[in-house]
Amino acid sequence: MGIAEAMGIDIGGSGIKGAPVDVVAGRLTERRVRLKTPDPSTPSNVAEAVAKLVADHDWNGPVGITVPGVVLDGVVATAANIDDGWVGFDAREHFTRALGLPVAIINDADAAGLAEARFDGDPSGVVILLTFGTGIGSALLHDGKLVPNTELGHLEFHGDKAETYAAARLVKRESMQIEWWAERVNEFLAYVELLFSPDRIIMGGGISKRFDEFAPLLTTRCTLEPARLRNNAGIVGAALFAMEETA
Ligand code: BGC
C-alpha cells in the first residue's frame, strides 16, 4: 500500500497547492489543499506554507516541488513571478533538510509537461505544453522526453515579454475581454509554431479550466488541446519527478 505514491506541491504566483499522488494512475489520492502564496513570496515564507501542506496531509514519503523559474540541479536560477530571494536558492537542499524527506525540485511547466506526456495515450512527436496563469510557462517534449527550462514565456513580444503581453492574469485581474486576450494568445501561438513546428500544443495552467470557452477563438496549425489533468498537471508531474529522482 502506498508504494507508488509521492506528494506533489505546485508553487505558483498566486497559490501553493499540494496533494499525495498515485504516480501509476496519475491521480490525486487525497483532497488537494491550496494556500495563498505568501506576500512577500520569499523562500522562507513559502517554505512555511510547504511544511504546512506536508503536515496537513501527514505525509512521510518523497515530495516533488515545482517552482515558477529555471531549476538547475535543485537550484533556482530565475524568479520572474516570485520573490527575487529565490534566485540562487538551493531549494532541493533546503527543503530536504527542512522537511526531513526526500525532495526533488522542478520548473512548474516542466512538471505539467511530464505529467501530460506520461498520462497521454500517444506522447510521440514534438509536444509543447504552455501554462497560462500568472505568467506563461512552457515544456518542450520529444517522444515524451522533456527538454527542461525552455521559458518560452520570456520570448520578446512587442518590446515586452510574451508573458506580460498574453498571460491569463490579464483576463482574470484586469478583466480584459477574453476575445482580446485570445488575439494576443494567437500571436504568441503562431510564433511558437514558427520556431518549433510542434505536432501538438497543450494548454495548461489556471485557464485550462475554461478551455471550452476560449478554444473556438484560438487558431493553430497543429492540434490544440487542454491539459488532460487540467490545473492538477503540475502537482501530478511534481510527484512523478520526485518518484523518479529520489528513488
Ligand atoms: C517563469 C517560468 C514559469 C512560468 C509559469 C515564468 O515567469 O519564468 O519559469 O514556468 O512563469 O509559472
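Everything numeric in this text was worked out from a predicted model, so none of it was measured. Each ligand, and each atom within it, is numbered from 1 in the order the structure gives.
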*Which ligand 1 atoms, with their elements, are less than 4.0 angstrom from a heavy-atom of Gly69?*
9 (O)
*asked:* For ligand 1 and Asn107, I'd like to know whether there is a polar contact (N/O to N/O, distance under 3.5 Å).
replied: yes
_Non-hydrogen side-chain atoms of Asp199 and Val127 separated by less than 4.5 Å_ = no
*How does Thr134 reach ligand 1, if at all, at less than 4.0 Å between non-hydrogen atoms: by side chain, backbone, both, or neither?*
neither
*From Arg32 CZ over to His57 NE2, what is the distance, rounded to the nearest 0.5 angstrom?*
10.5 Å
*Check ion pair Lys52-Glu48 (N to O, under 4.0 angstrom)*: no
*Do me a favour and list the nearest non-hydrogen protein atom to atom 9 (O) of ligand 1 with residue, atom name and distance?*
Glu151 OE2, 2.5 Å
*Any nitrogen or oxygen of Thr78, main chain or side chain, under 3.5 Å from a nitrogen or oxygen of ligand 1?*
no
*asked:* Closer than 4.0 Å to some heavy atom of Gly137 - which atoms of ligand 1 meet that?
replied: 4 (C), 5 (C), 10 (O)
_For His154, atoms of ligand 1 separated by under 4.0 Å from a heavy atom_ = 1 (C), 6 (C), 7 (O), 8 (O)
*Does atom CG of Asp58 have more than 12 heavy-atom neighbours from other groups under 6.0 Å away?*
no
*Indicate the ring-plane relationship of Tyr165 and Phe157, choosing parallel, tilted or perpendicular according to the 30° and 60° boundaries.*
tilted
*Going by the order shown, which atoms of ligand 1 are within less than 4.0 Å of some heavy atom of Glu163?*
6 (C), 7 (O), 11 (O)
*Salt bridge Arg200-Glu116, side-chain N to carboxylate O under 4.0 Å*: no
*atom 5 (C) of ligand 1: the protein heavy-atom neighbour that sits closest, reported with distance to 0.1 Å*: Asp108 OD2, 3.4 Å
*Please work out which of the three classes, parallel, tilted or perpendicular, describes the rings of His94 and Phe89, given edges at 30° and 60°.*
tilted
*Could you pull out, from Asp10, Val71, Ile136, Val76, the option with a heavy atom nearest to atom 4 (C) of ligand 1?*
Ile136
*Which atoms of ligand 1 have any heavy atom of Asn81 under 4.0 Å away?*
6 (C), 7 (O), 11 (O)
*Do Phe188 and Phe132 touch side chain to side chain, with heavy atoms closer than 4.5 Å?*
yes
